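Reading through the C-alpha cells given below for one structure.
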Amino acid sequence: MIVEFNAEAGDEFDRATEWYRHQSAKAANSFVLKVQEAISGIVADPQRFERVKHGCQRCGLRPFPYSLIFLASPSKIIIVAVAHGSRRPGYWHSRV
C-alpha cells in the first residue's frame, strides 16, 4: 500500500521532529519511531481508527501530543496532518 504525506503534513512532521531534536536526539528518534509504528498500524488495518471529519481518521501518537490525520482508500493512505492535540483544533479541515 502506498503511504503519502501531503505537503503540509510533511512540513508539520519535519517541524515537530526538529523541535524534539532541540530537546534531545533521543526524543526526536522516539517521535520518528512512533510515527513509523503508527503508519505500520494504519496500513495493517486502517478501519480500526477513529473517524473524524470529512472522511478522515485519526491515529494518536501517545505519549506524544500529536495525531496522524489520514484518508484511507484500498490502495493508498494519505496523511493529511500531523496535528498537535492542543493547537488549533480542526485547522486541517481545509486540506481535504
Side-chain angles (χ1 to χ4, degrees):
M1 181 173 295
I2 297 170
V3 177
E4 294 179 356
F5 282 73
N6 72 13
E8 295 96 341
D11 290 343
E12 290 166 347
F13 174 69
D14 292 343
R15 284 193 307 270
T17 302
E18 191 60 28
W19 188 87
Y20 282 113
R21 187 166 285 115
H22 280 98
Q23 307 312 304
S24 77
K26 182 178 179 181
N29 291 337
S30 294
F31 180 72
V32 170
L33 181 60
K34 180 55 84 171
V35 169
Q36 291 170 339
E37 289 172 354
I39 289 170
S40 293
I42 292 167
V43 167
D45 186 7
Q47 299 310 311
R48 73 183 173 122
F49 294 94
E50 173 189 12
R51 294 199 179 277
V52 291
K53 297 224 177 213
H54 308 295
C56 291
Q57 293 170 262
R58 177 190 330 259
C59 175
L61 299 175
R62 294 198 192 279
F64 299 97
Y66 286 87
S67 294
L68 296 182
I69 308 297
F70 66 94
L71 286 167
S73 73
S75 62
K76 186 187 265 187
I77 302 293
I78 300 172
I79 308 297
V80 175
V82 180
H84 192 284
S86 301
R87 298 185 193 143
R88 303 176 334 186
Y91 72 91
W92 53 267
H93 292 176
S94 64
R95 297 180 185 176
V96 181

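All values reported here derive from a predicted model rather than from experimental measurement.
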Could you pull out every donor-acceptor pair under 3.5 Å between side chains of residues 54-65 and any protein atom, sequence neighbours left out?
residue	atom	partner	partner atom	Å
Q57	NE2	P46	O	2.7
Q57	NE2	F49	O	3.2
R58	NE	E50	OE1	3.4

*Please name all residues satisfying salt bridge (charged side-chain N to carboxylate O under 4.0 Å, His left out) with R21, sequence neighbours left out, ordered by chain then number.*
E18

*Which pairs pass salt bridge (Lys or Arg N to Asp or Glu O under 4.0 Å) with one or both residues in residues 64-88, sequence neighbours excluded?*
E4-K76

*So which pairs with a foot in residues 22-42 pass salt bridge (Lys or Arg N to Asp or Glu O under 4.0 Å), sequence neighbours left out?*
K34-E37

_Through direct or indirect side-chain contacts below 4.5 angstrom among Ile, Leu, Val, Met, Phe, Trp and Tyr, which residues connect to L33?_
none

For [X], give me all partners under side-chain contact (heavy atoms from CB on, under 4.5 Å), at least two apart in sequence or on another chain.
X: S40; result: none
X: Q23; result: W19
X: R48; result: D45

*Measure the spacing between CD1 of I69 and CG of N6 and express it to the nearest 0.5 Å.*
11.5 Å

*Partners passing side-chain hydrogen bond (donor to acceptor under 3.5 Å, both in side chains) against Q36 (at least two apart in sequence or in another chain)*: none

Close side-chain approach of [X] and [Y], heavy atoms under 4.5 Å:
X: Y66; Y: V35; result: no
X: F13; Y: V32; result: yes
X: V82; Y: F31; result: yes

Does [X] share a hydrophobic cluster with [Y], counting links as ILVMFWY side-chain heavy atoms below 4.5 Å and allowing steps through other members?
X: V3; Y: I78; value: no
X: F5; Y: V52; value: no
X: L68; Y: M1; value: yes
X: I79; Y: L71; value: no

Atom pairs and distances, donor-acceptor, side-chain atoms in residues 89-96, under 3.5 Å, two or more places apart:
residue	atom	partner	partner atom	Å
Y91	OH	E12	OE1	3.2
Y91	OH	E12	OE2	2.7
R95	NH1	E12	OE1	3.3
R95	NH1	E12	OE2	3.1
R95	NH1	V80	O	2.9
R95	NH2	E12	OE2	2.7

